[in-house]
Each structure stands twice: as structure tokens, then as C-alpha cells.
2 protein chains.
Amino acid sequence: MVYIKDLLRKKGLRVTPQRELIYRLLSESKAHPTAEHVYQEVRKTFPSISFNTVYKTVRSLEEWGLLQRFNTGENIYRYDANVSPHPHFICLSCGRVDDMDNFPDDVENYVRKAASTSPCEIKFVNLHFYGYCPLCRGSSRKINNKEEDNGGSD
Amino acid sequence: MVYIKDLLRKKGLRVTPQRELIYRLLSESKAHPTAEHVYQEVRKTFPSISFNTVYKTVRSLEEWGLLQRFNTGENIYRYDANVSPHPHFICLSCGRVDDMDNFPDDVENYVRKAASTSPCEIKFVNLHFYGYCPLCRGSSRKINNKEEDNGGSD
DNA sequence: TTGAATGCAAAATATTTGCATCTTC
DNA sequence: GAAGATGCAAATATTTTGCATTCAA
């Protein structure tokens with residue numbers, strides 16, 4: 001893909017084979033990988049790459065707006081090539097982090113509007129949903145590591 | 001406050017002066033302190049207390065449902081004696097973490113309902129708002145460490 | 001008395017920095 | 001050639017575990 005090369009150059013970033021692969025893997029992934037995950041994947045193509053290179057690369061890509069970094073509450077940074085704000089789902093059992101597909105776009109604006117009474121200047125909001133993914137729900141893999149049900153009225 | 005003693009005993013936790021103070025400080029705080037913050041505060045009363053005792057205590061209190069632990073994206077755990085789910089505000093400039101006071105209660109249910117089309121079993125949702133607090137907004141302390149404005153329509 | 005809590009130390013995990021060498025532009 | 005990227009190593013920051021001693025029930 002020449003596209004990725006251009007995208008990197010457009011941001012003023014130099015194009016190296018490692019960097020190109022790191023960004024390609026992230027842009028093709030829906031798994032919200034950690035730096036370590038990316039490292040393990042990139043090693044398959046570049047066995048001599050260092051974790052440090054992966055780390056610095058994802059930091060650069062984030063700094064230049066090509067990646068989004070976030071943290072689901074497990075104290076590990078995760079990266080996402082989809083830089084527009086969008087809600088995530090975190091499975092309390094297997095730990096997977098997914099995008100909330102089919103989540104209505106207007107909800108975020110609704111939420112932001114609800115926050116507009118705050119004396120703070122809101123820039124963006126993170127919506128993180130926690131629960132059990134289709135593979136874990138109903139299975140014995142479920143664990144109780146947070147309060148059970150809070151919503152009540154829905 | 002005898003109240004705290006009873007609360008701890010009711011959960012089957014032993015009452016020690018250190019533990020009582022740790023919980024009292026947290027229940028009286030709105031600052032969402034880290035374990036280190038709590039440690040620094042407790043030392044003023046118990047100079048010989050170890051960080052480890054504070055750490056293990058807040059872990060126990062969380063395990064028994066007396067504290068909520070979360071993480072705002074800075075890879076440090078914060079603790080809150082208000083264990084019911086509620087939205088938080090994180091200042092991009094000074095780092096303070098506040099409750100979103102006056103935030104409409106029904107928004108969380110609205111959000112949860114919007115998530116109900118997901119194949120996942122949602123247990124709870126975290127709403128984290130990022131921006132500039134009243135003290136930092138408009139001041140030179142503002143920094144750009146995330147995308148500027150995303151909402152568009154509000 | 002007994003099991004849990006405390007305190008000191010060290011291990012584990014993840015992030016970040018330093019620096020010499022190499023590569024892209 | 002110069003600025004930036006890479007790779008190896010070590011430093012930082014935080015969380016977590018081990019264990020002997022102390023204390024609450």
C-alpha cells in the first residue's frame with residue numbers, strides 16, 4: 001500500500017519498513033492492541049526489531065494524530081488507528097476490547113450536551129462499556145470483578 | 001465516627017486505626033486519590049505506616065465493595081468511596097479528577113439503552129469527560145494533548 | 001490463641017529515557 | 001550530510017507479592 005507511505009510522509013514522518021508495518025498492522029486491526037501485542041506481531045516479519053522501536057513508533061504515530069491511545073482500566077495502554085472518538089466494550093472475563101458497532105452516533109452528542117451544565121470546558125468523552133462478550137456470556141468463564149447491575153430502570 | 005467501624009466490621013474486615021483512617025480519608029475526599037496520595041495523607045497521622053499497608057488496605061476495601069477503583073487513562077489507579085457508577089471529569093491541564101456534579105441521572109440509562117443492540121451483556125459503563133477545569137480553562141496552562149473538538153454538532 | 005493486618009523489602013509489569021549506530025531524505 | 005529512526009540497555013513508575021512481626025477479635 002503506497003497509501004500508508006503517503007500518510008506517514010504527509011505528517012512529516014519518515015517511512016521505514018518497520019514503521020510502515022506497525023501502522024499497517026494497527027490500521028488493519030480491530031483488537032486495540034497494546035505496544036507489546038504490536039511488538040509480538042511485528043517480530044514475525046522483523047525478528048530483530050526491538051520493543052523500543054515499536055514503543056517509540058506508536059508514540060510518534062499518536063503524537064501526529066495517526067493513532068489514538070487509551071486505557072480501559074487495566075493500566076495498559078492500547079492503540080487504535082481509528083482516531084475518531086468511539087465507544088469501546090471491555091469483556092470482564094476474557095479482557096477483549098471491541099468497538100461498539102452499531103452504536104448510535106448521536107449518543108455521544110447527547111452525552112456531551114448533558115455535560116454542558118458543567119463549569120468545565122469539555123473536549124471529548126470516553127465511553128467504556130464493561131460486561132461479557134458473546135463468547136463469555138452465559139459461560140462459566142464469567143467472573144464477578146465489579147458491581148453486578150446498576151442501571152435498574154432499563 | 002463509630003459508623004466507619006461498623007461498616008468495616010459488617011464486611012468482615014478488622015478495624016485497625018490505620019484502616020479506619022484510610023477509609024475515612026477516602027470517604028471524605030472528592031479528589032479521587034491514588035494509593036500514593038492516600039499514603040502521603042495517612043503518614044501525617046501515622047508516620048510509620050508503610051505504603052504497602054495503604055495499598056493492601058485499599059485493595060481489600062475495593063474487594064469488599066467499599067471502594068471503587070478506576071483509571072482515567074494515565075495508568076494510575078484512583079480510588080473513590082462513592083461506589084455507585086458516576087461520570088468523572090479529567091482536566092487535560094492540571095490532571096485533577098472531579099465528579100460531574102449535576103449530571104443528569106438518566107443519561108447513563110440512556111447510554112446503556114443505546115448499547116443494548118450490542119451482542120454483549122453490558123454490566124456497567126464508564127463515562128470519562130476530558131477537557132479543562134474552571135481554573136485552567138482560558139488560561140495559558142492549557143495544553144494540546146488530545147484532539148481538539150470532535151463533537152461538531154453541539 | 002488464631003487469623004488477619006502491618007511493615008519492610010523485593011519482585012513483577014509496563015512505561016520511558018539514553019545513546020551509539022544506521023537509514024531516510 | 002543532517003535529522004530522524006532503530007536497537008540495545010538501563011532507568012522510572014506503579015502495582016503486586018513474600019514473609020516475619022504485631023494486633024484485633
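We name chains A, B, ... by the order of the sequence lines, and we start the count at 1 in each one. These numbers were taken from a predicted model, which means no experiment stands behind them. For the numbers below, each heavy atom of this structure counts, side chains included, while hydrogens, waters and symmetry mates do not.
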Sugar-phosphate only, base, or nothing, as touched by A:Y55 at under 4.0 Å among non-hydrogen atoms: base
Protein-nucleotide distance (B:L8, atom CG; D:dA25, atom C1'), rounded to Å: 14 Å
Integer-rounded Å distance: C:dA14 C1' and B:E74 CD: 15 Å
Sugar-phosphate, base or nothing in reach of A:E36, heavy atoms under 4.0 Å: nothing
Spacing between B:L61 atom CG and C:dT6 atom P, to the nearest angstrom: 10 Å
Spacing of B:F51 atom CZ relative to D:dT15 atom C1', expressed in whole Å: 7 Å
Touch class at under 4.0 angstrom, heavy-atom based, for B:S60 against every strand present: nothing
Residue mapping more 5' on DNA chain D - nearest nucleotide basis, B:R59 or B:R14: B:R59
Sugar-phosphate only, base, or nothing, as touched by A:S48 at under 4.0 Å among non-hydrogen atoms: sugar-phosphate
Value in whole Å for how far the C1' atom of C:dT16 lies from CD1 of A:I76: 16 Å
Sugar-phosphate, base or nothing in reach of B:T16, heavy atoms under 4.0 Å: sugar-phosphate
Proximal nucleotide (of D:dA5, C:dG7, C:dT16) relative to the A:R19 side chain: D:dA5
Close side-chain approach of B:L127 to B:H88, heavy-atom, < 4.5 Å: no
Sugar-phosphate only, base, or nothing, as touched by A:T57 at under 4.0 Å among non-hydrogen atoms: sugar-phosphate
Polar contact flag, side-chain donor to acceptor under 3.5 angstrom, B:E36-B:T34: no
Atom pair CD (A:E20) and CG (A:L13), whose distance is rounded to the nearest 0.5 Å: 12.5 Å
Euclidean distance, atom CG of residue A:N52 to atom P of D:dA11 [Å, nearest integer]: 15 Å
NZ or CZ of B:R78 within 45° of B:F70 ring axis and under 6.0 Å: no
Short side-chain N/O contact from B:T53 to OP1 or OP2 of C:dG7, under 4.0 Å: yes
Length of the CD-P vector between A:E20 and C:dT23, whole Å: 17 Å
Ion pair check, A:E41 and A:R43, cut-off under 4.0 Å: no
N or O in side chain of A:Q18 less than 4.0 angstrom from D:dG7 OP1/OP2: yes
Rounded distance in Å - OH (B:Y23) to P (C:dA5): 16 Å
Donor-acceptor pair (no angle test) under 3.5 Å: A:K56 side chain, D:dG7 base: yes
Among C:dG7, D:dT14, D:dT6, the nucleotide that comes nearest once only the side chain of A:N75 is considered: D:dT14
